[in-house]
Amino acid sequence: MPRIFSFILIFIIGLSYASGAQDVVDKNSVVIKSPIDKKQYRYLELDNRLKVLLISNSETDKAAAALDVYAGSGADPEGWQGLAHFLEHMLFLGTKKYPTTDEYQSFIKNNGGDYNAFTSFRHTNYYFSITVDHFELALDRFSRFFIDPTFDAVYVERERSIIHSEYQSRKKNEHRRLMDVQKRWLNKAHPFSRFSIGSLDTLRDRDDASARETLIKFYNQYYSANIMALTVLGRESLDELEQMVVARFAQIPDRDATAPIFTQPYMNANLVPARLNSIPDKQQHSASFVFAIPSVYEEYRSKPLNYIANLLGHEGDGSLFSLLKDRGWVEGLSAGAGYMDQVQGEFVIHIDLTESGLNHIEDIGKLVFQAINLIKQNKIDAWRFQEQSKLAKIAFRFEQEKNPGRLAQSLASRLQRYPPQDVLRGPYLMEAFAPNRIKTLLDYLRPDNVNLHVSSQSLAQSLMTDKISEHYDVAYSLAPIDAKTLNLWDTKTVHENLRLPAENPFIPERLNVLEIVSAQTTPTKISTPSEVSLWYQPDHQFATPRANFYFNIMSPPANSSATNLMLTELYVRLVNSQLNKTIYPAYLADLHYSLYRHARGISVRISGFEDKQSQLLDIIIDALEHPEYDEGRFNVIKAGLLRELDNVSKDAPADQVVHEIYRLLLQPYWTEQERIAALNSATMDDVKKFAPQLFRQVKVNVLSHGDVSLENAIARSGMLGGLLKSSQFIEHIAKPKIRKLNRTKRYLRSLNIDHSDSALAAYFQGNDDSILERAKVSLLKHLLEPDFHHQLRTVNRVGYSVHASTLTIDQTPGLLFSVQSPSHSPAQINALYDAFIGDFNATLDAMSEQQFARLKSGLTTKILRQDKNLSARSQRYWREINDEEYQFDTRQQFADAVTGLTLQDMQAYYEDNIAHRAGELLVQSSGADVDINDGRISSQGYVDTADATRFRQTIE
């Protein structure tokens, strides 16, 4: 569903503001917080000028920290593209206090935590979360990144190859490819025009400087406390957190660094207006209209660009999107800021095209500029700004709790932009209406100031491309937009079907939390007049007037054949398309819905403010009961679905080899080729005839959870009666099952994937679907994951994408190893698997009871982690209902099972199920540069899976 760019309108994705509600200033700091936010905040600046935000949450089960350096890839030295990214990787590989290369990573993972980092154009951000009992020790390890990293020469060389692997593994990532080619129209003097990931070539040693020397120089130049910001969240008091931080982070040197400011013109003025044509790897069509504009970076209190983005990105009746969609030219549209810094930026209208739309680029452009004219020719209305401001205030007032790690990461970055008092509410603030500024920005949206990027594989036949991008091998052409097209777009007219949106009817009026006295701690099944199974739980823990209403209509024919699966999918997409125009204002009011197909039928989820959910549900049910069958829209949807299925073969090799495990073992499972064949012959009349069959025999589950009365829960479940008036209710609809692998055999499946990297997945199926078996597999994965990652990625340098994980199919657990590599063949990767599996047997044998108990405790804490918000809890309940676990205590059973396991249990389980690789399923793909005969694992000794259909039939 098309959307306004979320990073521009994050403050609009919540809704409504109670009369008289006030912002709360925490007594311990100047930080302004939401009235429902129970956390305590304190802002301080250390003597070394490090900006620090402390967050005390006495109820949290996870602690977290993040440090943001206000320098990213934009600061890469001339000729050293990717150096900031390289440095980010290197800080994980040992410090003087903790020299072991995997010390930090293993400590975090072993104690139920997670860690990561990213390098963007202006920021480098490091963050982690961990169980509260291990926070201080983790914080000590983390702090040393910024005090005494070793930059071990051995690991400089090794990690450089990992950086190159990351680059190679994502060479076919469409986002990166399109971004790479779009840099062709930028000013080459602007750092954003450069390659930022890094490769063996850009990070090679030079005669005048080694990579290690350059890394250290860059570190000393920019890793300075005065351009860093730290967020720390823990269960401790603010005073205790402050002591922890000062004792460690005050040691970071203040080198009086200056955060980079980029004053060079962003766009190449000689290439405006221009048209860029590019050829994507996947089947997709898009057009982006990009306008250079002045910076609005500092204007966060008025957000003038938001006013424009909201109107151009709207999807309701009379919108640009609605008009283009009715003509069959587009599938999606979004509008908002692209690049933006303190000096300059860009405004982007991005359109996902249909095949037909690709042939009407000039006409689409004309309507784009007519939509802009509509805004220019109308008054800049204060009521529209106030409506957006009202929604933003409500979004802040009732902001849902985030995962501690993500919260810390986000706030560390925000500290670089907003003053301390606004670090929480900055993205939501809209308190200064600036109509003249809005008009000024609109003046930049002109035909003579636009660059157009059109991307489609069809361009390979219809338009010549004469260049290849340097780093991602994208075929493209770049030329001025012709005068005829510019004259067509330079119009003062407005299409008669374009109009500005009316007031939003879905803004909630009830914002108080209901006073419902209930002893329920989990959903209870409620008797209703219908045969719908209603599960209800009032829940006020999160102090928000939100609720979630989910219903699942299970139907035997929905997945009984590839044809029926595709007819179900087409029906769902037709209804979603029909609803889009009407429901878009609800989305803006933080009232969301999703309608989707699944393995046993269709589901609808409604979430957000409870006040207007009945109105939204009524609209959805009416569309399900009375779908609009339009031949043109059907053809657009069918073509888009065919493209999606075809594009699966263009996914990353690591994704494809894992996906193949599902194809082989899940039954029923219809492959992409089977779905395409069924879809090619499907007609709109087929869908029209099939849709009623979905409701002929059904089993229906409903969950009503949150700030909702029993009366409303029953009434909404009753609203399904019209849709199901002719349905026969049945007790059970079978779930997809897993095919069982024979423990005495080994299995090998080979794929031919068009990618330079090779990939290998190794899957060990669990013995059954019991809670105890799930506990054993999960604990085993938890025990070996850090070692596996360190050995293959850091020591063996096999590649960037290295994973040890669990893979659950039909509740049967499995252990999965997967690797994608630009340098190792499947046979070489398999040899490394074999070596690791043998070595880990010894690791388990040498493990102490104390170490085992600590690792086990980390996993149980992770299993029992708190629900951070209402949606997380609803989704957990919904999974239990789907699995028919009506005691709603599966995770407690799971944790108890893990707690009961002994070291001897795990040693025996590993020996019996993994150590000898019995019953293993391998899926391999050789990279394009690998000799298939030399690089592939030989099929000798493995069950033949060359014919996947026949193989599936042999293990029914």
Side-chain angles (χ1 to χ4, degrees), residues 161-162 164-166 168-172 281 648-665 671-673 739 741-742 744-765 788 791-793 795-805 807 814-839 914-952 954-955:
S161 68
I162 297 299
H164 186 76
S165 173
E166 179 180 354
Q168 289 291 115
S169 70
R170 298 181 179 177
K171 282 192 75 170
K172 293 200 174 187
D281 188 56
V648 170
S649 65
K650 305 292 178 64
D651 288 344
D655 295 333
Q656 291 199 54
V657 293
V658 174
H659 191 171
E660 187 69 9
I661 296 171
Y662 285 96
R663 293 188 186 101
L664 292 172
L665 299 184
T671 68
E672 286 71 31
Q673 291 74 25
R739 295 180 171 93
L741 298 174
N742 189 322
T744 66
K745 299 178 180 179
R746 298 178 71 188
Y747 304 84
L748 176 66
R749 173 78 173 140
S750 300
L751 303 179
N752 295 315
I753 299 173
D754 181 20
H755 197 287
S756 59
D757 286 4
S758 61
L760 180 68
Y763 166 78
F764 300 86
Q765 190 176 79
F788 180 79
Q791 186 62 40
L792 271 79
R793 188 182 185 276
V795 177
N796 298 130
R797 293 185 286 176
V798 69
Y800 174 75
S801 179
V802 174
H803 300 285
S805 57
L807 181 64
L815 180 68
L816 176 73
F817 298 140
S818 65
V819 162
Q820 179 174 323
S821 175
S823 56
H824 289 63
S825 69
Q828 291 170 321
I829 298 170
N830 196 41
L832 295 175
Y833 285 176
D834 210 47
F836 173 81
I837 289 169
D839 291 344
I914 309 297
H916 307 292
R917 304 184 73 170
E920 174 189 47
L921 169 60
L922 291 174
V923 183
Q924 68 174 338
S925 171
S926 300
D929 299 331
V930 174
D931 186 304
I932 290 180
N933 296 319
D934 294 337
R936 286 198 170 186
I937 301 165
S938 168
S939 61
Q940 186 174 358
Y942 291 92
V943 173
D944 179 21
T945 62
D947 184 337
T949 301
R950 181 172 170 274
F951 169 74
R952 291 200 299 266
T954 63
I955 55 170

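The basis for the numbers below is simple: all heavy atoms, side chains too, and nothing from hydrogens, waters or symmetry mates. Numbers for residues simply follow the sequence, beginning at 1.
In this structure, the side chains of His659 and Glu672 come closer than 4.5 Å at one or more pairs of heavy atoms. For the pair Leu741/Leu665, a side-chain contact is recorded, criterion being any heavy-atom separation below 4.5 Å from C-beta on. A heavy-atom distance below 4.5 Å is found between the side chains of Leu760 and Ile937. Annotation: side chain of Val657 is not in contact with side chain of Gln924 (no heavy-atom distance under 4.5 Å). Annotation: side chain of Phe951 is not in contact with side chain of Arg749 (no heavy-atom distance under 4.5 Å). With a 4.5 Å cut-off on side-chain heavy atoms, Ser821 and Ser165 do not count as touching. At least one side-chain heavy atom of Tyr800 sits under 4.5 Å from a side-chain heavy atom of Arg793. Between Thr671 and Arg952, the closest side-chain pair of non-hydrogen atoms falls below 4.5 Å.
Atom-to-atom distance recorded for His916:NE2 and Ile837:CD1 is 11.0 Å, nearest 0.5 angstrom. For the atom pair CG of Asn830 and CG of Leu922, the computed distance is 5.0 Å after rounding to the nearest 0.5 Å. The distance from atom OG of Ser169 to atom NE2 of His164, rounded to the nearest 0.5 Å, is 10.0 Å. Between Gln168 atom CD and Ser801 atom OG the span is 14.0 Å, to the nearest 0.5 Å. From Thr949, atom OG1 reaches atom CG of Leu664 across 9.5 Å, with rounding to the nearest 0.5 Å. Taken from CG in Leu921 to CZ in Arg739, the straight-line distance is 12.0 Å, to the nearest 0.5 Å.
Listed by chain and number, the residues in a side-chain hydrogen bond (donor to acceptor under 3.5 Å, both in side chains) with Asp839 amount to none (sequence neighbours excluded).
Remark: side-chain polar atoms of Lys172 are not paired, donor with acceptor, to backbone N or O of Lys650 under 3.5 angstrom. Judged purely by atom type and a 3.5 angstrom limit, Gln820 has no side-chain atom pairing as donor or acceptor with the backbone of Gly799. Gln656 contributes a side-chain N or O that, together with a main-chain N or O of Asp651, makes up a donor-acceptor pair within less than 3.5 Å. Within the 3.5 Å criterion, the main-chain N or O of Leu748 finds a donor-acceptor partner in the side chain of Thr945.
Of all heavy-atom pairs between Gly919 and Arg746, the closest is N-CG, 4.4 Å. Heavy atoms only, all atoms of each residue included: Ala759 and Ala654 are closest at CB-N, 4.0 Å. Taking each heavy atom of Ala761 and Leu816 in turn, the nearest pair found is CB-CD1, 4.1 Å. The minimum heavy-atom distance between Phe764 and Arg917, with the atom names listed, is CE2-CA, 3.7 Å. A pairwise comparison of heavy atoms in Gln828 and His824 identifies OE1-CA, 3.2 Å as the closest pair.
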Evaluation steps, side-chain contact (heavy atoms from CB on, under 4.5 Å), between Leu832 and Val819
CA-CA 11 Å; Leu832 295 175; Val819 162; over 6 Å; no

Checking Asn742 against Tyr747 for the side-chain contact (heavy atoms from CB on, under 4.5 Å) test, could you report, in this order, the C-alpha distance in whole Å, the side-chain angles of both residues, the deciding distance, and whether it holds?
CA-CA 9 Å; Asn742 189 322; Tyr747 304 84; 3.1 Å; yes

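Side-chain contact check for Ser926 and Arg936: at least one donor-acceptor pair (N or O, by modelled atom type) lies under 3.5 Å.
Ring planes of Tyr833 and Phe788: tilted class, angle from 30 to 60°.
For CG of Asp754, the number of neighbouring non-hydrogen atoms (other residues, nucleotides, ligands) closer than 6.0 Å is 12 at most.
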